Amino acid sequence: MSVSRGGSKQLAYDVGDQVFQSEPWMFCIMAGKVKTHCYGCLGRPDDGRGDVRRCGGCRLAGYCSETCQKADWKPRHRDECKLLKGTVSEGASKPFLLDEDDMDRLLIVLKIIAKLKRHEFGDTIGACNQKGTRTFNDLMSHESELLRQRPRLLTSYNKIKTFLDQSDTDHKICPDFLSFLRLYGRFLINNFSIYDLKHPAVVVVGRGIYLQPSVLDHSCQPNALQCSIGKTVLIKAIKPIKQKEDVRIAYMSPFDVREKRQLYLAENYFFNCGCPACTDPKVQAERNAMLCSNKDCHFPIPLDDKAGESCRKCGSENASQAVAANAALDRLLAIILQIQQTTAGRQPKDPKQYIELTTAIDQGTTLLYPTNFTLALAHKEAVAMLGASTTENGLDASMESLLKTIVSRRQHIGDYSYQPCFLVVKWLVDKDRDREAMALVSQVAEFFKTVAGETSVFYKAWCSHLSNL
């Protein structure tokens, strides 16, 4: 139990407390990263060569050093090396004979088969299962949903079946398609992403099964987050948590419209989210607060059925303000969904949509509270539509919008996203807005220091990058 920093009340976890520290039961590099990242540690070579040293057997796995290659040989790569040799496309424009998605599935399932052949189910108390006996076989697979919703997996299985059969020679672990679905489904539903924290964009380089933290449920208002060190996954509290069973993480970015979050979770994790941000009208009204009609009053008014009543702070009437604010909110949401539909369909960006969006943002700014959740998401879409603008006006507009999303995300989600914060700080310094820059620097540094720790990659990188500005 922790003592709250705000008083003496007992908590299961306070902000910055560690919920889990877990090593992977198994992990796998993304097929698209085999040329640039180490197959064993998932890092990049530090010697400046840029390329990993290729395995002489399969010519697919690459390593950052001889030490890493030797360490990875017996526990992971030895059993699959000869099999993977048949997947490499020598001298062709693409590195694999298989599609990248099929290659990902093959690499994943081969490693699962190897673990299960050695009877390593994860039930031994150790680095990947310190306090319980949760095993790989305990994980949900949702094979029936996968069978129904992803017919493409059967095609993928037929392409990689020969390799799987060579690995599972007794045909006891993965003898057929349903067995494949069960193995792959357990990975798909329960994996954690592994990041390259040294990359400027903090990219995903691999995925792994972490048995302890895989028990955690999702919320679009998470009170904990993943904070990794290499392949080690740390789950740290970002809000005070009363009970251990109340710990929630986000399975996807919670900084999006409810409709998109619900669809993603239903399609990828096969459940309807019932968290307060999705189902509690009070929480949704507070997230989408409006301004009081009194311009000198800065009190946020939840946009609910009572929004049109007199302001609790100044007493001003807000009936017409509430009607206009609801209309502005509906308009913003409709435009956001329309833009996301266009993006999902990979259609080209429509300049008219950007004009329509910014017009709605300008109108919403006069009616909605500055940290209004939907207004912040509209700013996020504006940043995405501007992209890598080369004009000064375009860059300024993009950074102003990005700054607003950072402030709103911190309030509603409880965290900071590293790369946007760094870009905004750099822009503020370039614009001689030093006071704003230093305030953001201090806030983000304090967050990383409290949650990730002074020795963490996040905190060190943040301090290091900013020292060069």
Side-chain angles (χ1 to χ4, degrees), residues 220-221 253-258 260-261 277 284-292 295 297-303 324-326 328-340 343 349 353-389 391-447:
C220 297
Q221 280 189 312
S253 173
F255 197 55
D256 215 327
V257 294
R258 181 179 58 174
K260 187 175 179 180
R261 299 196 310 265
Q284 294 170 31
E286 291 172 347
R287 281 185 147 201
N288 287 307
M290 73 174 193
L291 289 166
C292 177
K295 302 303 180 184
C297 177
H298 301 287
F299 188 71
I301 301 175
L303 202 51
N326 270 303
L329 193 71
D330 290 343
R331 184 62 182 150
L332 281 171
L333 181 58
I335 295 172
I336 291 170
L337 291 173
Q338 184 182 38
I339 291 172
Q340 290 184 348
T343 305
K349 295 179 181 179
Q353 281 188 327
Y354 178 73
I355 296 173
E356 188 179 16
L357 177 64
T358 53
T359 301
I361 288 175
D362 291 341
Q363 182 184 14
T365 301
T366 65
L367 297 164
L368 304 173
Y369 199 70
T371 56
N372 181 287
F373 189 73
T374 304
L375 182 60
L377 296 181
H379 279 293
K380 187 181 79 165
E381 293 298 335
V383 173
M385 293 194 77
L386 279 170
S389 178
T391 67
E392 184 174 353
N393 289 339
L395 177 62
D396 289 348
S398 180
M399 290 297 104
E400 289 285 7
S401 286
L402 194 56
L403 176 57
K404 290 179 173 65
T405 68
I406 289 170
V407 174
S408 184
R409 180 184 178 115
R410 174 58 172 157
Q411 175 173 324
H412 296 294
I413 308 302
D415 67 358
Y416 285 107
S417 185
Y418 185 99
Q419 184 68 4
C421 290
F422 179 75
L423 292 174
V424 168
V425 168
K426 187 176 185 302
W427 172 74
L428 288 171
V429 170
D430 290 342
K431 291 294 177 180
D432 296 324
R433 293 165 60 175
D434 295 341
R435 181 175 296 181
E436 292 175 82
M438 290 310 299
L440 184 57
V441 165
S442 177
Q443 292 160 9
V444 177
E446 183 61 27
F447 173 77

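The shown structure was predicted, so the numbers you read here are calculated from the model rather than taken from an experiment.
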J.: Looking only at heavy atoms, which two atoms of L332 and A378 are closest? And how far apart?
T.: CD2-CB, 3.7 Å

J.: When rounded to the nearest 0.5 angstrom, what distance separates CG in L367 from CE in M290?
T.: 9.0 Å

J.: Can you give me every donor-acceptor pair (side chain of residues 436-447, partner residue at least two apart or in another chain, under 3.5 Å) with its distance?
T.:
unit_1: E436; atom_1: OE1; unit_2: R433; atom_2: NH2; d: 2.9
unit_1: E436; atom_1: OE2; unit_2: R433; atom_2: NE; d: 2.7
unit_1: E436; atom_1: OE2; unit_2: R433; atom_2: NH2; d: 3.3
unit_1: E446; atom_1: OE2; unit_2: T450; atom_2: OG1; d: 3.2

J.: CG/D434 to CG/L428 distance, rounded to the nearest 0.5 angstrom?
T.: 9.0 Å

J.: Which atoms form the tightest heavy-atom contact between R258 and A277, and what is the distance?
T.: CD-O, 4.4 Å

J.: Going from CH2 on W427 to CE on M399, what distance comes out if it is rounded to the nearest 0.5 angstrom?
T.: 8.0 Å

J.: What heavy-atom pair brings V383 and L402 nearest, and what distance separates the two atoms?
T.: CG2-N, 3.6 Å

J.: Do T359 side-chain atoms and I355 backbone N/O form a donor-acceptor pair below 3.5 Å?
T.: yes

J.: Measuring from atom NZ of K404 to atom OG1 of T365, what distance do you get when rounded to the nearest 0.5 angstrom?
T.: 7.0 Å

J.: Looking at SG of C421 and CG of L403, how far apart are the two atoms once the value is rounded to the nearest 0.5 Å?
T.: 9.5 Å

J.: Could you measure the distance from the CG atom of L291 to the CG atom of L368? Nearest 0.5 Å is fine.
T.: 7.0 Å

J.: Determine which pairs satisfy side-chain hydrogen bond (donor to acceptor under 3.5 Å, both in side chains) with at least one residue from residues 366-383, sequence neighbours left out, and list them in order.
T.: N288-T374, Q340-E381, T371-Q411, H379-S401

J.: Closest approach of I413 and P254, non-hydrogen atoms and distance?
T.: CG2-CG, 3.7 Å

J.: Show the nearest heavy-atom pair for residues S253 and R409, with the distance to one decimal.
T.: OG-NH1, 4.2 Å

J.: State, yes or no, whether a side-chain contact exists between L333 and L329 at a heavy-atom distance under 4.5 Å.
T.: no

J.: I need the minimum non-hydrogen distance between D256 and R261, along with the two atoms involved.
T.: O-NH1, 2.5 Å

